[in-house]
Number of protein chains: 2
Amino acid sequence: MRPTVHDIAAAAGVSLATVDRVLNRRPGVRHVTREKVENAIREIGYVRDVAAANLAKGRTYPLVFILPASDNSFMHGLNDEVRAAIARSSVERTAIRTLEVPAFDPAALVKVLNELGEERPAGIALVATDAPEVRDVVDRLVKDGIPVVTLVSDLTGSQRHHYAGVDNIAAGRTAARLLGRFLGGAKGEIAVLAGSMLVRDHRERLEGFAAVIAAEFPSLSILPVIEGRDDPEMAHMLVADALSKKGDIIGVYSLGAGNRGLIRALKEKAVDRSLTVVAHELTTHTRAALLDGTIDAILNQDAGHEVRSAIRVLKAKADGLAVIEAQERIRLDIFLKDNLP
Amino acid sequence: MRPTVHDIAAAAGVSLATVDRVLNRRPGVRHVTREKVENAIREIGYVRDVAAANLAKGRTYPLVFILPASDNSFMHGLNDEVRAAIARSSVERTAIRTLEVPAFDPAALVKVLNELGEERPAGIALVATDAPEVRDVVDRLVKDGIPVVTLVSDLTGSQRHHYAGVDNIAAGRTAARLLGRFLGGAKGEIAVLAGSMLVRDHRERLEGFAAVIAAEFPSLSILPVIEGRDDPEMAHMLVADALSKKGDIIGVYSLGAGNRGLIRALKEKAVDRSLTVVAHELTTHTRAALLDGTIDAILNQDAGHEVRSAIRVLKAKADGLAVIEAQERIRLDIFLKDNLP
DNA sequence: CCAAATTTGATGTACGTAAATCAAAATCTG
DNA sequence: CAGATTTTGATTTACGTACATCAAATTTGG
């Protein structure tokens, strides 16, 4: 059977109270005694029974999710998933609170994070705005022993414990290869629709995309990026305009949100032309467009997985436990019309 | 706070002992009283604290994994993942036992399953051989209250609680579209390498593949299926032979195992020809082939996810709890050289 | 209506850990 | 070496549930 605290006490030749003091970092244990206990723990392979410990502590994990106040399908979906997690909170012993901050606003994020430092929740998940001042607060929180994971968008060079999101450079590269291969050597121009180049995930997707196009599909050239601010109306206008003016666009890569506008523009302006289109994020609109042939492939990250993974990791870190790395890798989903969920 | 058994007792106006009798289906409770308690449970929204219950019961979940004695990379990987789960068993309160049965042998599977009926483990996961007699035993086990999930390969028309594996028809369709689009309207023949048409997942993959090729890529024709028995040597021989004889093969779909042999044949016979190749299962060999351009896309199912999902579902079913459906969907991974993990 | 049978209540122990209290022992200080 | 201080031990209660026992109350059958 699994060893218990009693077994540690017996193995170390000390009392249960001393074992408890060591396990829970309570004061009043001599260095030598502490080492005796720690050795015993290691030797008999003791692992704390988290369920029993939580029961005894009556513990709940107060977690905070910091989400940007963006009005696009993906963020709405992410919000829904966090709310679903909140609905499960009594079973999972979590007490999840969400905070909304203005999107792409490092100062606001820093302010909120600083306040959380006082509050000391059991863990923080945030959609990071990639800025040095944000990284500095996060590093301080981590140093203070508060588990932090980034969600969807990572924080360059920070000490965050984990990133629950996809590899966006790989996503961009994958989009490029799909588009390149689907176009089969044709010559022409590629339009790229992004939300904003101020966001790290969009920058990275473009970076990966451009690299592969340049290296492996020289017959394709990328037009200047269209920034649609993740807004359907704006995306519609800009894409429709580009399609009207440029006759040699043969492919489109939409790496941000606002796909509803893109799809409308495509249906208006490109019925006669055979465009190859790769877009990000599976929504009602992109799904329908994939099925009717307007879009050829969708790259997706599963918001539900990201949220659940973030929670698992935060709880594990709060308990000082290991995580199953392979389980927490967020995968890039590729959907063709045949493998939609 | 979360309601407890005491709250039920108070709400129903009965004693704790009676609540306990109802909760754990112990005899000696009048029908009316039982209903009073059940109503109270529903009204206050009581959910049993599984952690505390398991602690009290000292419960472990004796689970059985029935795996085929196949000697290919995928099954080895699956085996490794089950062993990894066994290593975690003390933490997860599982006691996992594996049983090996000859592959594609319904009788052997039936025999093992019948014996398990006596033993009554908390749950059974099996890689199903798709046969009516297997379905009948499984249905009986389910009827007897033993949770059963199929793993990797499903059981037609059975009552199994869950299938932890990918949708193989969708996988075949996806392979067809990738191949068709990558070939960009070229005219020619497609070679299909399977393990055996006696296995349901292989049959389904072929079915989906053929359907999409026929419907949407009329310039492509599928050659008679090559059955390589998932054996590298045999696959090598057969594929090399086919490539020598048929000059107009422009694509290959490998839907089973034995890819090491396929890759060798491709490197020997197809350096000059530009073949487009889609294969299943990410292994050391297929990964290397994808990176060096021998293979163009790999479809994969994550054995680790499948095993962990099966365990989660079996435990939940054993406790009569709901599962998060979206979390348990096993996804079809599509790997290009850019998004390898 | 009485005895028997059934149903319900009251109570205690256990699971593995946390946390607290008080006493005892060991160590340190001067 | 006495006294103060620190370290350790012994013991208890609690968390929410399971399970067992015995007594009391209620229902049922004749």
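Per chain, numbering begins at 1; letters A, B, ... match sequence-line order. No experiment lies behind these values; they were computed from the predicted model shown.
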Could you state the interatomic distance from [atom1] ([X]) to [atom2] ([Y]), rounded to the nearest 0.5 Å?
X	Y	atom1	atom2	value
B/L63	B/L314	CG	CG	5.5 Å
A/E81	A/R83	CD	CZ	10.0 Å
A/R2	A/D7	CZ	CG	11.5 Å

Counting primed atoms, P, OP1 and OP2 as sugar-phosphate and everything else as base, the B/S/- map of nucleotides 5-12 of chain D against protein heavy atoms under 4.0 Å is --SBBB--
**Message:** Categorize B/N24 for me: base, sugar-phosphate, or nothing, with a 4.0 angstrom heavy-atom threshold over every strand shown.
**Reply:** sugar-phosphate
Within the structure shown, what part of the strands sits under 4.0 Å from A/D49 by heavy-atom distance: base, sugar-phosphate, or nothing?
sugar-phosphate
Next on the checklist: Please determine whether a side-chain nitrogen of the Lys or Arg among B/D302 and A/R329 lies less than 4.0 Å from a carboxylate oxygen of the Asp or Glu.
Outcome noted: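 Looking at B/D302 and A/R329, the cut-off is not met.
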Original post:
Got a salt bridge between B/R93 and A/D49, using NZ or NE/NH1/NH2 to carboxylate O under 4.0 Å?
Top reply: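 A salt bridge is present here (some side-chain N lies under 4.0 Å from a carboxylate O).
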To the nearest angstrom, how far is [X] atom [atom1] from [N] atom [atom2]?
X	N	atom1	atom2	answer
B/L23	D/dA18	CG	C1'	10 Å
B/N54	D/dT17	CG	P	12 Å
B/L55	D/dA18	CG	P	11 Å

Between [X] and [Y], is there a donor-acceptor pair closer than 3.5 Å when you use the side chain of the first and the backbone of the second?
X	Y	answer
B/R312	B/V323	no
B/D154	B/G165	no
A/H161	A/V148	yes

At a heavy-atom distance below 4.0 Å, what parts of residues 85-96 of chain A sit against DNA chain D?
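Heavy-atom cutoff 4.0 Å gives no residues at all.
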Which of A/R135, A/E115, A/E133 passes side chain to side chain contact (heavy atoms under 4.5 Å, CB included) with A/V110? Answer is A/E133
Q.
Consider side chain to side chain contact (heavy atoms under 4.5 Å, CB included). Of B/I311, B/L126, B/L78, which one does B/F65 pass it with?
A.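 Passing option: B/I311.
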So the contacted stretch of DNA chain C, first to last nucleotide with an atom under 4.0 Å from a non-hydrogen atom of chain A, runs from C/dG16 to C/dT27
| Does D/dA18 have OP1 or OP2 sitting under 4.0 Å from an N or O in the side chain of B/R48? | yes
Query - A/R48 to A/Y46, cation-pi by 6.0 Å centre distance and 45° axis angle - result: no
